[in-house]
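Contents: one structure, followed by commentary.
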There are 2 protein chains.
Amino acid sequence: MLTHTEENYLKVIYHLSQTEDEGISTNAIAQKIDTKASSVTDMIKKLKEKKLITHERYQGVFITTLGLQTAKMIIRKHRLWEVFLVNKLNFNWDEVHDVAEELEHIKSEKLINALDAFLGFPKEDPHGDPIPNSKGEIPYREKELLTETKINHKYMCVGVKDTSAAFLQYLDRQKIALGSTFTVLKHENFDHSVTILFQENELTLSKVVAHNLFVKKI
Amino acid sequence: MLTHTEENYLKVIYHLSQTEDEGISTNAIAQKIDTKASSVTDMIKKLKEKKLITHERYQGVFITTLGLQTAKMIIRKHRLWEVFLVNKLNFNWDEVHDVAEELEHIKSEKLINALDAFLGFPKEDPHGDPIPNSKGEIPYREKELLTETKINHKYMCVGVKDTSAAFLQYLDRQKIALGSTFTVLKHENFDHSVTILFQENELTLSKVVAHNLFVKKI
DNA sequence: ATTAAATTTTAGACAAATCTAAAAATATTT
DNA sequence: AAATATTTTTAGATTTGTCTAAAATTTAAT
């Protein structure tokens with residue numbers, strides 16, 4: 001049985017492992033958790049003791065198969081609760097993160113599977129992130145960053161890389177939501193901004209924005 | 001901001017205050033929380049510090065207005081989540097307690113009010129206990145114990161005093177649920193059992209059962 | 001290849017919530 | 001009213017998760 005804190009560390013290690021082949025550094029974890037490296041070292045010992053990660057002094061952390069499976073179950077819970085909040089309780093997509101962060105630690109397999117069924121076995125959360133099924137399998141969905149697109153092709157917005165309230169609220173103001181479609185008109189070489197034709201209007205999105213929007217060719 | 005543990009203590013003190021005019025004893029709390037009296041003494045200091053209770057050495061605990069309001073909000077959350085589990089996720093009424101015990105600590109007023117609305121502002125939880133509204137007002141509902149009833153009158157089952165899984169499962173086996181109606185036929189003086197006419201059959205309920213069933217004359 | 005810099009770990013401390021064992025206060029018996 | 005029993009509190013430890021400061025190790029720079 002894991003504590004909330006252990007679950008939070010494991011989730012961070014899982015996410016860092018997604019884009020890192022080497023061991024995850026103590027500092028990288030500390031930065032994500034917003035704590036001190038010494039605290040991370042302490043927690044690493046506990047997670048290692050529970051066989052969720054492997055670790056050699058000064059060599060970084062690797063997540064084990066057990067750790068991977070456990071992390072995916074926490075992420076499953078987080079994302080299902082987010083769907084619940086948005087689809088059933090009418091939360092906006094920028095309001096769900098902190099509450100889901102709490103709800104993800106509720107321990108009941110029956111609860112989460114019943115919730116999954118109640119929601120109609122959704123494949124993605126409100127930010128377009130895939131929801132692991134009860135076996136931990138993560139549905140694959142084609143997606144690329146808006147920065148990588150080809151001009152004169154039509155795309156649909158399918159996800160966000162940055163899930164901060166600030167970014168989501170910016171998208172709301174631009175009327176961009178998951179499912180929105182548009183044509184890419186131009187990639188500006190100078191500042192890497194992207195101009196799209198969206199709802200009959202030309203809209204220029206900065207590099208920062210384009211680099212955090214996942215799209216799919218349609 | 002209260003910890004989970006502080007909330008659990010406060011809830012217990014609230015419940016004990018309901019049937020007790022004197023100060024709540026350290027031992028009474030210890031027994032309910034299933035901990036040692038010395039741990040209770042420690043926690044009393046913390047709750048007193050936060051102005052949720054008053055306490056003089058050796059004199060028992062009294063809940064303050066702030067404590068009362070806080071406790072009612074925790075109970076509101078607990079009971080609303082129980083309704084959610086039963087009405088939306090198809091949990092049986094004997095399966096909800098432990099999960100609701102965790103869910104009640106989720107901290108988001110928006111969440112709980114949205115949940116309340118989503119559930120249609122229920123007045124009672126699946127065990128017939130009243131749900132405080134967002135202001136902390138508790139709806140009154142007429143009820144008496146089956147042991148107090150008059151013979152040859154018709155009653156409806158409106159609640160249970162004992163909410164243990166064992167008792168609820170016993171009621172399931174007898175096909176007794178909230179809303180069930182029956183006529184009281186006899187009070188047996190010898191063992192205080194109660195015989196009712198329920199669904200065309202005579203059914204004798206022991207004193208223990210009758211003393212834990214809330215009913216209402218119809 | 002040393003030296004300097006950055007990272008990581010250890011050592012020791014603290015707050016929260018718990019415990020045991022002993023002391024203090026209150027309640028009950030005789 | 002004194003003796004006994006019960007209840008409550010204190011004192012001192014333990015565990016979890018955190019911290020600071022210092023030591024150990026690795027990495028980068030000259």
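Every chain is numbered from 1 and lettered A, B, ... according to where its sequence line falls, protein lines coming before strand lines. Computed over heavy atoms, backbone and side chain alike; hydrogens, waters and symmetry mates excluded.
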Would you please classify the geometry between the A/W81 ring and the B/W81 ring as parallel, tilted or perpendicular, with 30° and 60° separating the classes?
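Rings of B/W81 and A/W81: perpendicular, over 60°.
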On a heavy-atom basis, which atom in [X] and which in [Y] lie closest, and how many Å separate them?
{"X": "B/E7", "Y": "B/E104", "value": "OE1-O, 4.1 Å"}
{"X": "B/T70", "Y": "B/L52", "value": "OG1-CD2, 3.7 Å"}
{"X": "B/H55", "Y": "B/K48", "value": "O-NZ, 2.8 Å"}

Interatomic distance, [X] [atom1] vs [N] [atom2] [rounded to whole Å]:
{"X": "B/I24", "N": "D/dT8", "atom1": "CD1", "atom2": "P", "result": "11 Å"}
{"X": "B/Q59", "N": "D/dT8", "atom1": "CD", "atom2": "P", "result": "10 Å"}
{"X": "A/L2", "N": "D/dT15", "atom1": "CG", "atom2": "P", "result": "19 Å"}
{"X": "A/K50", "N": "D/dG17", "atom1": "NZ", "atom2": "C1'", "result": "13 Å"}
{"X": "B/N27", "N": "D/dT9", "atom1": "CG", "atom2": "C1'", "result": "12 Å"}
{"X": "A/K45", "N": "D/dT15", "atom1": "NZ", "atom2": "P", "result": "15 Å"}

Quick one: label B/H55 by what it contacts on the DNA or RNA (base, sugar-phosphate, nothing), any heavy atom closer than 4.0 Å.
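Sugar-phosphate: the residue B/H55, judged by heavy atoms under 4.0 Å, touches backbone atoms but no base.
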Would you indicate what B/T26 reaches in the nucleic acid, counting non-hydrogen atoms under 4.0 angstrom: base, sugar-phosphate, or nothing?
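Result for B/T26 = sugar-phosphate.
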Inter-residue atom distance B/H4.NE2 - B/I74.CD1, 0.5 Å rounding
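The NE2 atom of B/H4 sits 10.5 Å away from the CD1 atom of B/I74.
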Working to the nearest 0.5 angstrom, can you tell me the gap between B/N133 CG and B/K72 NZ?
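Atom-to-atom, B/N133:CG and B/K72:NZ are 9.0 Å apart.
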To the nearest 10 degrees, how far apart in direction are the end axes of the helix from C/dA1-D/dT30 to C/dT30-D/dA1, each fit to five base pairs?
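The angle, to the nearest 10 degrees, is 10°.
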Does any donor atom in the side chain of [X] or [Y] lie under 3.5 Å from an acceptor atom in the other side chain?
{"X": "B/D162", "Y": "B/H211", "value": "no"}
{"X": "A/N27", "Y": "A/S25", "value": "no"}
{"X": "A/S164", "Y": "A/H97", "value": "no"}

Short question: side chain of B/R79, backbone of B/P130 - any donor-acceptor pair under 3.5 Å?
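Side chain of B/R79 to backbone of B/P130: a pair is present.
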Ring-face cation contact, B/F118 with B/K88, 6.0 Å cut, 45° max
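Yes, B/K88 sits over the ring of B/F118.
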I'd like the 5' and 3' limits of the part of DNA chain C contacted by chain A, with heavy-atom contacts below 4.0 Å.
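From 5' to 3', the first and last contacting nucleotides are C/dT7 to C/dT10.
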Could I get a table of every N or O pair under 3.5 Å where one atom is in the protein and the other is in nucleotides 18-20 of chain D?
from   : atom 1 : to    : atom 2 : distance (Å)
D/dT18 : OP2    : A/Y9  : OH     : 3.3
D/dT18 : O4     : A/D42 : OD2    : 3.3
D/dC19 : OP2    : A/T35 : OG1    : 2.4
D/dC19 : OP2    : A/K36 : N      : 3.2
D/dC19 : OP2    : A/S39 : OG     : 2.6
D/dT20 : O4     : A/S38 : OG     : 3.0

Residue closer to the 5' end of DNA chain D, B/T41 versus A/E6 (nearest nucleotide):
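Mapping each residue to its closest nucleotide by heavy atoms, the 5'-most match is B/T41.
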